[in-house]
Structure formats: C-alpha cells, structure tokens
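Every chain is numbered from 1 and lettered A, B, ... according to where its sequence line falls, protein lines coming before strand lines.
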Amino acid sequence: MPQSQVKMDVRKVTPQASVIDIEGDVTAFSENVLMDAYTDASSDGANSIILNFSNLDYMNSSGIGLLVTLLIRAQRQGQSLLAYGLSDHYRQIFELTRLNEAISCYAGEADAVAAASNGR
Amino acid sequence: MEDRENKDRAARDAAWAKPVDRLRVSGVPDGALNLNVEGRQLTGPLRGFGKMWQKTYRVRLDGVEATPQEVIAAWKENFSKFWPEGNAFYGPLTGIAPGEVAVLNLSMPGRIPLSTGVMVIFADEESFTFMTPQGHMLAAWITFSAFEEDDTKVVQVQALLRATDPLSEIGLRLFGHKSEDEFWRHTLKALAAHFGVTASVEQQVTCVDPRLQWSQAGNIWHSAALRTPLYAPVHWLRRMIRRS
C-alpha cells in the first residue's frame with residue numbers, strides 16, 4: 001500500500017484547545033497519522049480540536065471520509081472540531097460534502113482559537 | 001517548474017465536482033424510470049438518520065498486469081455491467097466524471113422498483129466517489145478505488161453510510177445490510193472476472209457512530225422507497241400519453 005505523504009504536528013494553544021498542523025496530502029493512507037495526531041491533541045483534555053489546513057497540498061474523497069470519522073470521534077468525546085487555512089477550492093469541497101455544516105471554518109488561527117474559547 | 005506544478009494542481013483540483021444546490025438530470029434513456037433525482041439536494045452521511053457504518057469490500061486481482069489506472073478506467077466504462085441483474089445505472093454520455101448525475105433503477109425485495117440517483121463528487125484516475133441525494137435509502141459516500149498492495153492490484157469499494165430515515169433504518173437492519181453486502185460482493189466478483197480472475201471478496205464493517213440522528217427523521221418525506229411505487233404508475237401513464 002502506498003505510504004502516507006502527510007505530516008501532522010500538534011500544538012497546545014490554550015488549556016482547552018489544540019491545533020493539528022497538516023502538511024502534505026490527506027488521503028486514505030493518512031488514517032494512522034491523523035488518528036495519532038488526534039489522540040495526541042486530546043491527551044491533555046482539550047475540548048476543541050483545530051485543524052490547520054494552511055499547508056495542505058491535496059485531499060481526495062477518502063481524505064474527506066477520514067475527516068468525517070474524525071468528526072464523529074470528536075463529537076462522541078464531547079469535543080468540537082474547527083478548521084482554518086482552507087483554500088477557496090477546499091472550502092468549496094467542504095460545502096459540497098456538507099462538512100462545513102459540522103466543522104466550523106475560519107480564516108486564521110486567531111479566529112479559530114477565539115471561537116474555540118467561546119465554546120463554538 | 002512552477003508552471004508544471006500549477007498544471008498538476010489544477011488537474012488534481014479538477015477531480016472534484018463543484019458544489020450544487022440541486023441536482024439536474026440529463027440524457028436519461030427512454031426506458032429508465034427517472035424519479036426522485038431532479039431538484040433533490042445532496043445529503044451524504046452527515047445528514048442521515050441511522051447508525052453510521054463504514055463498509056469496505058476488497059478483492060485482490062492476483063496475476064493481473066493492468067495498472068490501477070487501467071482497472072479504474074475499465075470499471076468506469078463498464079460500471080453498470082458489473083451490477084447484479086435487475087439493477088440499472090443510467091449514467092451520462094460523458095461517463096463517470098466529476099459533477100455528473102446518474103439515475104439508478106434498483107430492484108428492492110419483493111421486486112418493488114426504486115428510482116433514485118447519485119452524483120459523482122470525485123473522480124480521478126485511481127478512484128471515484130458517489131454521493132447520494134435526498135430520498136436515497138442511504139445517506140452515503142461510496143468510493144471505488146484501485147491500488148497496489150504487496151505487488152498485487154487491489155480493488156475496493158468503501159461506503160460511509162447512514163440509513164436516510166427511520167424506515168430505511170428498519171429496512172437496513174432487517175435485510176438491507178445483507179442486500180448491500182451481496183450487491184457489492186457481486187460487483188467486485190464481476191469486475192475480477194472481467195480481468196480473468198476468480199476471486200473471493202474480503203469484507204470489513206465498522207460501526208463509526210451507533211447514535212441515531214433523530215433531527216433527521218423528517219428525511220422520510222423524500223423517501224424514494226415510498227415515492228417510487230406511488231409515482232411510477234403516473235410516470236408510465238404520462239409516457240404512454242406522450243407516445244400516442
């Protein structure tokens with residue numbers, strides 16, 4: 001099976017929120033990397049997980065499917081999932097797939113962190 | 001160099017469909033039952049009612065020389081031919097391409113006809129994905145892909161789905177899961193046979209979310225399972241009048 005071509009780093013930005021910086025391609029082969037990053041991001045009891053797509057190169061439909069399973073996992077833990085740094089193209093894809101109705105999207109990190117702090 | 005990167009990026013971006021408010025159907029042949037698609041919105045698993053499942057069906061094409069791209073090209077070209085008898089996929093003349101809408105005529109238990117559809121939301125050389133509209137019994141994304149694993153070509157159907165409404169959830173629990181599993185197992189075996197391989201299908205089922213989304217119970221208003229038997233006679237009658 002092809003190797004994952006994505007790198008994900010986790011940063012704690014507030015006591016309640018963690019950011020996952022995504023760099024590269026999000027495809028079916030990114031599952032382990034994404035779920036490990038989510039586990040890391042949740043380890044200190046964060047109730048908001050923010051996905052940073054600023055350095056996303058490419059995402060296919062399997063990658064979108066991974067985001068849905070991540071969303072459900074976060075919801076079942078009582079966490080909210082937010083995103084920022086999406087290009088216009090991927091904002092359109094979030095709209096097409098209805099992900100924008102479940103994952104709040106922001107222009108930048110400051111807006112996303114503020115929204116997370118306000119419990120959105 | 002930068003120009004080439006931009007072209008590659010544009011080609012990859014073009015694999016996605018553009019967002020649509022409502023589905024538009026065109027080029028459906030005369031014999032097809034074209035109901036419950038035109039004007040419908042896309043739903044997908046986030047807007048469904050029932051438990052969310054991820055179902056993966058795989059077959060290994062041992063000894064097949066064709067590349068994953070060639071396998072996907074053959075699959076796109078012969079898509080409905082691999083389906084079980086009694087089910088029809090009326091795709092557009094342009095084939096399986098991003099943004100295209102297909103009408104499905106399916107045979108439900110008891111030979112009850114069901115007309116619904118799908119939209120191709122993603123299609124590249126190695127995979128393609130369908131998303132279902134309002135009224136389809138499954139609120140789903142279904143991805144068809146081919147790739148190499150341990151020097152063997154593998155073809156895969158992966159569905160992320162919820163039953164659309166309470167009636168579909170009951171149907172899914174009673175017979176729907178079994179029917180769906182048989183449907184895709186048949187399809188993959190037929191695809192393998194196309195490449196001269198007799199193969200067994202591996203199947204993996206995961207319950208992603210056991211909760212029911214009661215806020216989506218009203219989806220039943222659009223139910224193609226209820227509407228098709230009601231409207232099909234009117235549809236046939238109109239066609240007979242038009243012909244005469």
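Proximity to chain B involves both the backbone and the side chain of A/Ile64, based on heavy atoms less than 4.5 angstrom apart. Of the two parts of B/Thr206, neither the backbone nor the side chain holds a non-hydrogen atom closer than 4.5 Å to a non-hydrogen atom of chain A. Contacts of A/Asn100 with chain B are absent, with no heavy-atom separation under 4.5 Å from either backbone or side chain. Proximity to chain A is limited to the side chain of B/Gln54, based on heavy atoms less than 4.5 angstrom apart.
Within the model, atoms CZ of B/Phe130 and OG of A/Ser61 stand 11.0 Å from one another, a figure rounded to the nearest 0.5 Å. The OG1 atom of A/Thr97 sits 12.5 Å away from atom CZ of B/Phe122, with the distance rounded to the nearest 0.5 Å. Taken from CE in B/Met131 to CG in A/Leu96, the straight-line distance is 6.0 Å, to the nearest 0.5 Å. Atom CZ of B/Arg162 is separated from atom CD1 of A/Ile72 by 5.0 Å, given to the nearest 0.5 angstrom.
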For B/Leu160 and A/Thr69: C-alpha separation, side-chain torsions, deciding distance, then whether side chain to side chain contact (heavy atoms under 4.5 Å, CB included) applies.
CA-CA 9 Å; B/Leu160 189 62; A/Thr69 55; 4.2 Å; yes
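Contact of the A/Glu101 side chain with the B/Leu46 side chain is not registered, since no non-hydrogen atoms from C-beta on lie closer than 4.5 Å. Annotation: side chain of B/Met52 is in contact with side chain of A/Val68 (closest heavy-atom distance under 4.5 Å). A/Asp25 has its side chain within reach of B/Arg12: a pair of non-hydrogen atoms, C-beta onward, lies under 4.5 Å apart.
Within a 6.0 Å radius of NZ in A/Lys12, other residues, nucleotides and ligands contribute more than 12 heavy atoms. Counting non-hydrogen atoms of neighbouring residues, nucleotides and ligands closer than 6.0 angstrom, the CD atom of A/Gln92 exceeds 12 such neighbours.
Using modelled atom types, no side-chain atom of A/Arg98 and backbone atom of B/Pro45 make a donor-acceptor pair closer than 3.5 Å.
Under the side chain to side chain donor-acceptor pair (under 3.5 Å) criterion, B/Ser179 pairs with no residue at all, not counting sequence neighbours.
When all heavy atoms of B/Trp16 and A/His89 are compared, the closest pair comes out as CD1-NE2, 3.7 Å.
Ring geometry, A/Phe29 versus B/Phe147: the interplanar angle exceeds 60°, so the pair is classed perpendicular (tilted spans 30 to 60°).
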